Protein chains: 2
Amino acid sequence: MANIQEIARLAGVSTATVSRVINRHPYVSDLTRERVLNIIEQLDYVPNSNAKSLKKGMTRIIGVIAVSYSTLLMSLIRSFHTIAQKYGFNVMLFMTNGNCDKELEALEMLRSKQLDALLCLLRTNEWDVIESYTKYGPIVTWQRLVSDTIPSVFMDQYQGYMLGLEYLYAKGYRKILNVYSSKGLNTLGRIRAYEDFIQKYGLKDKGFPQFHNKMTIRDGEEVARWWIKQADKPDAISCSTDEVAAGILTELRRAGFSVPDDVGIMGFDNTDIAHLLDLTTIHYPVDKQAENAFNIIKGMLEQAVPKLHSLEFNVVERRST
Amino acid sequence: MANIQEIARLAGVSTATVSRVINRHPYVSDLTRERVLNIIEQLDYVPNSNAKSLKKGMTRIIGVIAVSYSTLLMSLIRSFHTIAQKYGFNVMLFMTNGNCDKELEALEMLRSKQLDALLCLLRTNEWDVIESYTKYGPIVTWQRLVSDTIPSVFMDQYQGYMLGLEYLYAKGYRKILNVYSSKGLNTLGRIRAYEDFIQKYGLKDKGFPQFHNKMTIRDGEEVARWWIKQADKPDAISCSTDEVAAGILTELRRAGFSVPDDVGIMGFDNTDIAHLLDLTTIHYPVDKQAENAFNIIKGMLEQAVPKLHSLEFNVVERRST
DNA sequence: TTGTAAGCGTTATCAT
DNA sequence: ATGATAACGCTTACAA
């Protein structure tokens, strides 16, 4: 395969000049530039990335760690990929499936300089293990974490959930059922939001059961079947995810109920499915989080101060409430 | 960051010796090996992968191209990843979302030697575009393709589908409804199998409608609702995917019907959900396909003849038929 | 505007 | 069993 020396020889110039042409340096005469470009074209030459990486001390590849696939994660990854691309970085995805060793592999690749940085969406190893790798390159996370060495683009779910509850209150709903997802800091924040909410408006708890670990369409369908059977029904359901809301909505409609006439339904995340089914939901700026994550990484790589988006939740009002 | 020279200096040996220790060469005395390893440990040294890649002319990274996520693809990718790992290769995933440029990126990385090879699960660009990159490294595909330069681990769906139909016939089913997925060579093969099947057994076509583009749980639910409304019902449903079969099964049970007493249901792919719901299905050895794909790549890289698994469909009999 | 040459951190071929 | 040293293909001072 052709290399820079061969191009130089054939074009009758030095390798430095060829390098300048490739990297669009100024101070190359139009004539030589043209001649070099011609030879490059003829020989179907591409610079060897490994040589480049070795010389530059970086690969321009950023690793992204997640434990598994989900709609939300995928749109986050897509946004991250897009902005990384824009600045000439490639993205390498590590799906760990909860396997610590697979995550360690990614961390080791950071250590051995195959990766310039790591975005840790959902970790598997303990934080102190991950933290011990920060000396090899920037690591940024999406999870809730307060750390000097691992910046986070986490958003406090308390605020988002409260926003939704306030919205439902303003629309006149008073008997709200909460459907939570997996027990974690996020869910805890949401539970706290609901407690503060009923206190603030002097609402009594209606004694509805606590739905936990509900995150899929099928989970939503289950909740819907519960709702149908109740004598004293909630007048609104605030869901952990759009998927759950979607499951409830479609299952209720299938059973002949009307949304929002019989019950209001509110999703969370503003994913495609919420749009598709006209679900009111809480918009969560994952795209901006992704961009912030990238900008933080870029800032750390170039020791510059990154410009960040401010992150805010929004109610997206559609026709399910 | 420490490099091999520093280790050499500190250990009082040459870089060659350090390299030998790292790469587990024989002919290093136990004493020096120990001393070198000590220094390596102390300095937290790891060899720089870029230097290695440059020297060796390969990165030991294989790219995998797919257009989007699906259960089947994910288990294929997992198997591929596992065997690649075993031979010291890393895997870089490219989700193209049908974007030609994103796919080209992967191809370009092969060209610039950041990738040693490419497994193309689901292509986006035309085959001749992809084919033009085979000169830069091995490209193997999972799709149906007859080509000198791009080997394929494709399996003829005709056989698998026929196997399922024969099984249903043997169980006494005579009024079979087919639910196909997206129109492609695979579906065409299945349709052909069904035509040959009714001819072989002298069955008359029951005039059931043609279900096409059904591949999800929700599609299956739709089919189930169609089935419920029929006077002259099919006695078995042969599905394009386990997801569709799962949707039909659960929706029918929800409506009070019994499977397999009222109708037999057969999936395809033998994914987790088939196991979960006790669905009879056609096992499709994706793991072996993945291993074959890797072995072909490995063979091409080492110009050796790969050992391949023979690929066969199997009926996995469970309780839905 | 162009060329020379010194690295980047390894591995591998010869010597010894 | 160990050491010199020449690659691998590129970038970038520094010179001219």
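Below, chains carry the letters A, B, ... as their sequence lines are ordered, and counting in each starts from 1. In this text, all values refer to a predicted model and were calculated from it rather than measured experimentally.
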Item to check | Atom-pair distance (CZ on B/Arg9; C1' on D/dT2), nearest Å | outcome: 19 Å

Next on the checklist: How many whole angstroms separate atom CG of A/Asn23 from atom P of D/dG9?
Outcome noted: 17 Å

Next on the checklist: The side chain of A/Ser29 is closest to which nucleotide in this list: C/dT10, D/dT11, C/dT1?
Outcome noted: C/dT1

Next on the checklist: Could you tell me how far apart B/Ile4 (CD1) and C/dG9 (P) are, to the nearest whole angstrom?
Outcome noted: 11 Å

Item to check | Whole-Å gap separating P (C/dT11) and CG (B/Asn3) | outcome: 12 Å

Checklist entry - Between A/Arg20 and B/Val46, which has a closest nucleotide on DNA chain C that is more 5'? => result A/Arg20

Checklist entry - B/Arg35 has an atom CZ; how far is it from atom P of D/dA1, in whole Å? => result 15 Å

Next on the checklist: Expressed as a whole number of angstroms, how long is the span from B/Leu43:CG to C/dG9:P?
Outcome noted: 14 Å

Next on the checklist: The test is side-chain hydrogen bond (donor to acceptor under 3.5 Å, both in side chains); show your working for B/Glu108 and B/Gln114 and say whether it passes.
Outcome noted: CA-CA 9 Å; B/Glu108 280 298 325; B/Gln114 289 206 69; over 6 Å; no

Checklist entry - Rounding to a whole Å, what distance do you find between B/Lys56:NZ and D/dA7:C1'? => result 15 Å

Checklist entry - So, does A/Asn125 use its side chain to make a donor-acceptor pair with the main chain of A/Ile130 at under 3.5 Å? => result no

Next on the checklist: Does D/dG3 have its OP1 or OP2 closer than 4.0 Å to a side-chain nitrogen or oxygen of B/Thr17?
Outcome noted: yes

Checklist entry - Do the side chain of B/Lys55 and the base of D/dA7 come within less than 3.5 angstrom through a donor-acceptor pair of N or O atoms? => result yes

Checklist entry - With a 3.5 Å cut-off and no angle check, do the side chains of A/Glu103 and A/Thr96 form a donor-acceptor pair? => result no

Next on the checklist: Under 4.0 Å, heavy atoms only, any strand: does A/Ser19 hit a base, just the sugar-phosphate, or nothing?
Outcome noted: base

Checklist entry - When you match A/Gln5 and B/Thr15 each to their closest nucleotide on DNA chain D, which lands nearer the 5' end? => result B/Thr15

Next on the checklist: Once you apply a heavy-atom cut-off of 4.0 Å, does B/Asn50 come out as touching a base, just sugar-phosphate, or nothing?
Outcome noted: nothing

Next on the checklist: Take a 6.0 Å sphere around CD of A/Glu302 and say whether it holds more than 12 heavy atoms from other residues, nucleotides or ligands.
Outcome noted: yes

Next on the checklist: Without decimals, in angstroms, what is the distance between B/His25 NE2 and C/dT13 C1'?
Outcome noted: 12 Å

Next on the checklist: Can a side-chain donor-acceptor contact be found between A/Tyr45 and A/Glu6 if the only test is distance below 3.5 angstrom?
Outcome noted: no

Next on the checklist: Categorize B/Thr32 for me: base, sugar-phosphate, or nothing, with a 4.0 angstrom heavy-atom threshold over every strand shown.
Outcome noted: sugar-phosphate

Checklist entry - D/dC10, D/dA1, D/dT2: which one has an atom nearest the side-chain heavy atoms of B/Tyr27? => result D/dA1

Checklist entry - Looking at the side chain of A/Ser14, which of D/dA4, D/dG9, C/dT4 is the nearest nucleotide? => result C/dT4

Item to check | Distance under 6.0 Å and angle within 45° of ring axis: B/Lys298 vs B/Tyr87 | outcome: yes

Next on the checklist: As a test of reading the structure: which of D/dT11, C/dA12, C/dT10 is closest to the side chain of A/Lys52, going by heavy atoms?
Outcome noted: D/dT11

Checklist entry - Given C/dT2, D/dA1, D/dG9, which nucleotide is nearest the side-chain atoms of A/Leu54? => result D/dG9

Next on the checklist: Nearest to the side chain of B/Ala16, heavy atoms from C-beta on, is which of D/dC10, C/dT11, D/dG3?
Outcome noted: D/dG3

